[in-house]
Structure formats: structure tokens, C-alpha cells
**Student:** 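Pasting in a structure now, in C-alpha cells, and then I'll have a few things to ask.
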Amino acid sequence: MVPASPAAQLNAMIARFDPAIQKVVRQARTRLRKRLPAAVELVYDNYNALAIGYGSSEKRGDWIISLAVYAGGVNLYFI
């Protein structure tokens, strides 16, 4: 079996949330990608949130902004 692409894996993670949360996170990702087209997007599926970070490399220390997706909402963090 062929492993799912990173985009398909992320879409599956986002699909676990309520439709209203899915809409917010998809809109936020679209806007962040537009503002930070060269940024590396990193995804961490933590025990209490889905974290999506943006930075200049794959190191978490290089993140400048991130989304934290919870069952009750989406937070935007400036690092």
C-alpha cells in the first residue's frame, strides 16, 4: 500500500474536527500560505491539539507563527 501524501494526511487530521472548526483552520492556512509563501509548514498532532507551525526551516525554534487546533476553536500564536 502506498502511504498517503502529506497533504492527504493533514486533510485527514483536520477532518477529525467539527465542520465549523475545519472551515476556520482551512481559511487560516490559506491566508498564512498567501502571506508566507516561502515558509516551511510543519504539523504536529499533539494529545490535546493539532499544531501547524510556519517558519524558515523544519526546526521548531525557527517557527514565527503557528495555529493550534482544538475541539473548541483555533488559536493563532506569534512566536
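Only a predicted model underlies this, so the values are computations on that prediction, with no experimental measurement involved.
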**Student:** What are the two closest non-hydrogen atoms of S66 and G53, and how far apart are they?
**Tutor:**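 Closest pair (atom of S66, atom of G53, distance): CB-CA, 3.8 Å.
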**Student:** So does A39 get a backbone contact from the side chain of R33, meaning a donor-acceptor N/O pair under 3.5 Å?
**Tutor:**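 Yes: the side chain of R33 pairs with the backbone of A39.
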**Student:** What's the spacing between S5 OG and L10 CG if we round to 0.5 Å?
**Tutor:**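 These two atoms lie 9.5 Å from each other.
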**Student:** Evaluate the side-chain proximity of R16 to Q22: yes if any heavy-atom separation is below 4.5 Å, no if none is.
**Tutor:**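 A side-chain contact under 4.5 Å is absent here.
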**Student:** Pick out which of I79, L76, I52 makes a side chain to side chain contact (heavy atoms under 4.5 Å, CB included) with I65.
**Tutor:**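 Exactly one pass, corresponding to L76.
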**Student:** Are Y44 and L50 packed together at the side-chain level, in the sense that at least one heavy-atom pair is separated by less than 4.5 angstrom?
**Tutor:**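 Counting from C-beta outward, Y44 and L50 never come under 4.5 Å.
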**Student:** Are the side chains of I64 and F78 in touch, meaning some heavy atoms are under 4.5 Å apart?
**Tutor:**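 No, every pair of side-chain atoms sits at 4.5 Å or beyond.
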**Student:** Validate the cation-pi geometry between R35 and Y54: distance from NZ or CZ to the six-membered ring centre under 6.0 Å, angle to the ring axis within 45°.
**Tutor:**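 Checked: cation-pi criterion not met.
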**Student:** What's the separation between atom CZ in F17 and atom OH in Y70, rounded to the nearest 0.5 Å?
**Tutor:**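 Atom-to-atom, F17:CZ and Y70:OH are 10.0 Å apart.
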**Student:** Using a 4.5 Å cut-off on heavy atoms from C-beta on, say whether the side chain of L42 contacts that of K59.
**Tutor:**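 With C-beta onward as the side chain, the pair stays apart.
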**Student:** Could I get the full list of salt bridge (Lys or Arg N to Asp or Glu O under 4.0 Å) partners for D62, not counting sequence neighbours?
**Tutor:**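 So D62 forms no salt bridge (Lys or Arg N to Asp or Glu O under 4.0 Å) with any residue.
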**Student:** Do other residues, nucleotides or ligands put more than 12 heavy atoms under 6.0 Å from Q9 CD?
**Tutor:**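 Result for CD/Q9: enclosed.
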**Student:** Using the salt bridge (Lys or Arg N to Asp or Glu O under 4.0 Å) criterion, which residues pair with R26? Sequence neighbours excluded.
**Tutor:**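 With neighbours one apart ignored, the set is empty.
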**Student:** Tell me the closest heavy-atom pair linking I21 and A71, and the distance in Å.
**Tutor:**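 The pair with the smallest heavy-atom distance is CG1-O, 3.8 Å.
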**Student:** If I compare all heavy atoms of N46 with all of A51, which pair ends up nearest, and what's the gap?
**Tutor:**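 Distance-wise, the nearest heavy atoms are ND2-CB, 4.1 Å.
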**Student:** Does any non-hydrogen side-chain atom of V25 lie less than 4.5 Å from one of I14?
**Tutor:**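 Yes; the side chains approach each other to less than 4.5 Å.
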